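What you see is a predicted model; the values in this text were computed from it and never measured. Excluded from the calculations below are hydrogen atoms, water molecules and symmetry mates; all remaining heavy atoms, backbone and side chain alike, are included. In this chain, residues are counted from 1 in sequence order.
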Amino acid sequence: MSNLFSIFNTSASALTAQSVRLNTVASNLANASTAAKTPEETYKSKQVLFQTVLDREDPDQAAMPVRVADIVDSPALPIPTYEPNHPQANEDGYVFRPAISVVEEMANMMSASRSYEANVEVMNTTRQLLERTLRVGQS
């Protein structure tokens, strides 16, 4: 029975991690077309790193909660674009934009969203199983 309750803990940790991933993707998409005067000022896309956590209270070690280990900047170099009339253009007429693929970010968002939905479904199914188990004991 305790393994059933550890499922809630594992799914809840995954929900939290995917929520951070969704927020990070949203930030990347919001800044995908921002311009900066220098490469150093350019927004760098963020990537979420996950880590599983051993649940020492689970004797079977069946529960493996996940957590956000870190949020790291992409090493991709900014993309210089010649736009001499842009307000952020440097003296050579260039602005620098982040190397963010909107298609890749949308795929990340869909993946995070589906993972989130799957974990909600796991929690709902587990709750239903627990309710049915309690009803069997009442008969």
Establish whether [X] and [Y] are linked, either directly or via other cluster members, by ILVMFWY side-chain heavy-atom contacts under 4.5 Å.
X   : Y    : result
F8  : Y116 : yes
L22 : V68  : no
V48 : V66  : yes
V25 : M110 : no

**Item:** D73: salt bridge (charged side-chain N to carboxylate O under 4.0 Å, His left out) partners, not counting sequence neighbours
**Value:**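 Here the qualifying residues are K46.
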
Pairwise side-chain contact, [X] with [Y], heavy-atom cut-off 4.5 Å (strictly under):
X    : Y    : answer
N124 : V120 : yes
Q47  : N28  : yes
E131 : R127 : yes
F96  : Q88  : no

Considering all heavy atoms, the nearest [X]-[Y] contact:
X   : Y    : result
A89 : E83  : CB-O, 3.3 Å
P78 : P80  : O-CD, 3.4 Å
A76 : K44  : O-NZ, 4.3 Å
S11 : N119 : OG-OD1, 3.6 Å

**Item:** T24/V20 under side chain to side chain contact (heavy atoms under 4.5 Å, CB included): CA gap, chis, key distance, verdict
**Value:** CA-CA 6 Å; T24 303; V20 170; 4.1 Å; yes

Answer yes or no: does atom [atom1] of [X] have more than 12 heavy-atom neighbours from other residues, nucleotides or ligands under 6.0 Å?
X    : atom1 : result
F50  : CZ    : yes
R114 : CZ    : no
E41  : CD    : yes

Calculate, to the nearest 0.5 Å, the distance between atoms [atom1] and [atom2] belonging to [X] and [Y] respectively.
X    : Y    : atom1 : atom2 : value
Q128 : L130 : CD    : CG    : 10.5 Å
T126 : E121 : OG1   : CD    : 9.5 Å
Q18  : S111 : CD    : OG    : 6.5 Å

**Request:** Kindly indicate, with the supporting measurements, whether the criterion side chain to side chain contact (heavy atoms under 4.5 Å, CB included) is fulfilled by S19 and L15.
**Result:** CA-CA 6 Å; S19 180; L15 288 173; over 6 Å; no

**N/O donor-acceptor pair under 3.5 Å between S13 side chain and T10 backbone** =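 Yes: the side chain of S13 pairs with the backbone of T10.
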
**Under 3.5 Å: donor-acceptor pair, side chain of R97, backbone of S33** =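 Yes: the side chain of R97 pairs with the backbone of S33.
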
**Asked** Name the one of N90, T42, T81, I79 that satisfies side-chain contact (heavy atoms from CB on, under 4.5 Å) with V95?
**Response**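 Answer to the side-chain contact (heavy atoms from CB on, under 4.5 Å) test with V95 among N90, T42, T81, I79: T81.
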
**Request:** Report the C-alpha distance between M106 and L29 in whole Å, list the side-chain angles of each, state the deciding distance to 0.1 Å, and finish with yes or no for side chain to side chain contact (heavy atoms under 4.5 Å, CB included).
**Result:** CA-CA 8 Å; M106 292 299 288; L29 287 171; 3.8 Å; yes

**Item:** With S27 via side-chain hydrogen bond (donor to acceptor under 3.5 Å, both in side chains) - residues at least two apart
**Value:**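 Testing S27 for side-chain hydrogen bond (donor to acceptor under 3.5 Å, both in side chains), a comparison that skips the adjacent residues, returns Y43.
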
